[in-house]
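This structure is a prediction, so every number in the text was calculated from the model and none was measured.
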Amino acid sequence: MEIRKVGVIGCGLMGSGIAQTCAQAGYETIVREVAQDFLDKGMARIQGAWDMMLQKGKINEEQARDYKNHLRGTLDTKDLADCDLVIEAVIENMEEKLRLFPALDNALKPEALILSNTSSLNITQMGAVTKRADKVCGLHFFNPAPVMKLVEIVRTISTSDETVETVRAFAKSLGKTPVVAKDTAGFIVNFLLIPYLLAAIRMYENGLASKEDIDTAMKLGCGYPMGPLTLLDYVGLDTTLWAAEALYEEFKEPLYAPSPLLRRMVNSGMLGRKSGRGFYEY
């Protein structure tokens with residue numbers, strides 16, 4: 001199946017980054033939001049990124065105009081009707097996704113693919129509420145989506161070989177390197193990453209080392225670009241909590257259990273960089 005037009009649901013941090021990536025790759029891209037102010041904020045974020053690229057000489061004015069011409073926003077799901085592929089990038093809440101997927105199923109042409117950018121939730125469950133479970137899979141981008149090269153293609157027990165190969169080719173056309181994982185909580189990256197991040201929180205919570213020393217130790221001792229507590233702030237503590245809860249729900253392993261400190265920080269609005277305060281202040 002040839003992909004010409006792409007829809008993105010949600011124009012938040014991840015959705016806007018995915019929409020930007022698709023538009024830059026030459027796809028006609030339409031991004032849908034639920035409210036005009038959310039859409040305006042997301043579109044301004046994308047335009048700001050292009051303005052910065054233009055100022056730094058990474059693109060020229062013709063490319064900037066071309067990117068902009070490939071992208072438009074909407075508040076109406078019906079405007080996605082002729083999309084070949086739609087990527088869902090809404091809040092990490094299963095109830096919200098289970099409301100969205102039947103609506104997309106009804107709005108899109110029968111051959112269109114529906115992909116989820118979820119980092120840990122059950123995609124099989126999302127596909128099951130549609131009449132096209134064979135055309136549903138995960139396509140998990142990493143933040144920031146225009147920069148990070150990896151995407152995880154998440155295959156459910158119903159996803160067809162054709163869907164996987166179409167999505168693989170699409171991911172490569174975006175300049176990404178795709179890996180394929182089965183639909184289990186956490187997929188590949190978060191399955192391995194979340195226990196590490198939670199262990200760092202427990203170490204800090206139990207007073208075994210300062211946050212600065214934990215981060216320095218992992219940067220210099222393991223060659224990581226940033227320490228775990230800095231990474232938590234970058235990813236978002238709320239996103240980490242959702243991922244940990246999904247992993248613990250599926251596997252019931254103590255290493256996936258969110259720590260009390262993580263819950264309290266999220267409840268207090270200390271979400272990391274996006275809120276201005278997490279383990280560090282911004």
Listed partners of Asp40 passing side chain to side chain contact (heavy atoms under 4.5 Å, CB included), at least two apart: Gln36
With Tyr256 via side chain to side chain contact (heavy atoms under 4.5 Å, CB included) - residues at least two apart: Phe191, Pro195, Leu247, Tyr248, Phe251, Glu253
Side-chain donor-acceptor contact under 3.5 Å, Thr239 with Glu92: no
Qualifying salt bridge (charged side-chain N to carboxylate O under 4.0 Å, His left out) pairs, either residue in residues 222-251, two or more places apart: Asp238-Lys274, Glu245-Arg263, Glu249-Lys252
Inter- and intrachain pairs under salt bridge (charged side-chain N to carboxylate O under 4.0 Å, His left out), touching residues 105-123, at least two apart: Asp84-Lys109, Asp105-Arg132
With sequence neighbours excluded, residues passing side-chain hydrogen bond (donor to acceptor under 3.5 Å, both in side chains) with Thr77: Arg32
Contacts of Ala89 that satisfy side chain to side chain contact (heavy atoms under 4.5 Å, CB included) - sequence neighbours left out: Ile18, Asn117
Partners meeting side-chain hydrogen bond (donor to acceptor under 3.5 Å, both in side chains) with Glu152 (sequence neighbours left out): His140
Lys NZ or Arg CZ of Lys176 over Phe141 ring: under 6.0 Å, within 45°: no
side-chain hydrogen bond (donor to acceptor under 3.5 Å, both in side chains) partners for Arg99, two or more places apart: Glu96
Where at least one partner belongs to residues 42-60, residue pairs that pass salt bridge (charged side-chain N to carboxylate O under 4.0 Å, His left out), sequence neighbours excluded: none
Worked verdict on Met53 versus Gln24 for side chain to side chain contact (heavy atoms under 4.5 Å, CB included): CA-CA 12 Å; Met53 292 167 68; Gln24 287 175 190; 3.8 Å; yes
Joint hydrophobic cluster, Leu208 plus Leu261, side-chain heavy atoms closer than 4.5 Å: yes
Ring pair (Phe, Tyr, Trp, His ring centres under 6.0 Å) contacts in which one or both residues fall within residues 18-72, not counting sequence neighbours: Tyr27-Phe170, Trp50-Tyr67
With sequence neighbours excluded, residues passing side-chain hydrogen bond (donor to acceptor under 3.5 Å, both in side chains) with Tyr234: none
Inter- and intrachain pairs under salt bridge (charged side-chain N to carboxylate O under 4.0 Å, His left out), touching residues 7-29, at least two apart: Lys5-Glu28
